[in-house]
Amino acid sequence: MARLLRGDVHRRLGDERRAAADWDAAGTLFEQARSPRAEEARRRLGTSPVRSADGELD
């Protein structure tokens, strides 16, 4: 949960790369725990302009 929220804070501060990294990490952790919150993290990541694996803005 903390990584998800930290990603939100990074977005509000204008740091899309760090936000995307936190949402991606949160999604992975939620998937490992078989939590339905994984989809929440993926939705947030999907709204980010950071799409590529190297963390670059698209």
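It should be emphasised that the depicted structure is a prediction, and the values quoted were computed from it without experimental measurement.
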Asks: Which heavy-atom pair separates Arg3 from Ala21 by the least distance, and what is that distance?
Replies: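 Between these two residues, the closest heavy atoms are NH2-O, 4.2 Å.
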Asks: Any side-chain donor paired with an acceptor under 3.5 Å for Arg11 and Thr47?
Replies: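 Side-chain D/A pair, Arg11 to Thr47: present.
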Asks: Could you pull out every donor-acceptor pair under 3.5 Å between side chains of residues 26-33 and any protein atom, sequence neighbours left out?
Replies:
residue: Thr28; atom: OG1; partner: Asp24; partner atom: O; Å: 3.1
residue: Glu31; atom: OE2; partner: Arg42; partner atom: NE; Å: 3.3
residue: Glu31; atom: OE2; partner: Arg42; partner atom: NH2; Å: 3.3

Asks: State whether the side chain of Trp23 and the backbone N or O of Arg44 hold a donor-acceptor pair below 3.5 Å, judged by distance alone.
Replies: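 Looks like no, no N/O pair under 3.5 Å.
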Asks: Is the shortest side-chain heavy-atom distance between Met1 and Arg37 below 4.5 Å?
Replies: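 Sidechains of Arg37 and Met1: in contact.
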Asks: Check which hydrophobic residues are tied to Val9 through side-chain heavy-atom contacts below 4.5 Å, counting indirect links as well, and list them.
Replies: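 Taking Ile, Leu, Val, Met, Phe, Trp and Tyr as members, Val9 shares its hydrophobic cluster with Leu13.
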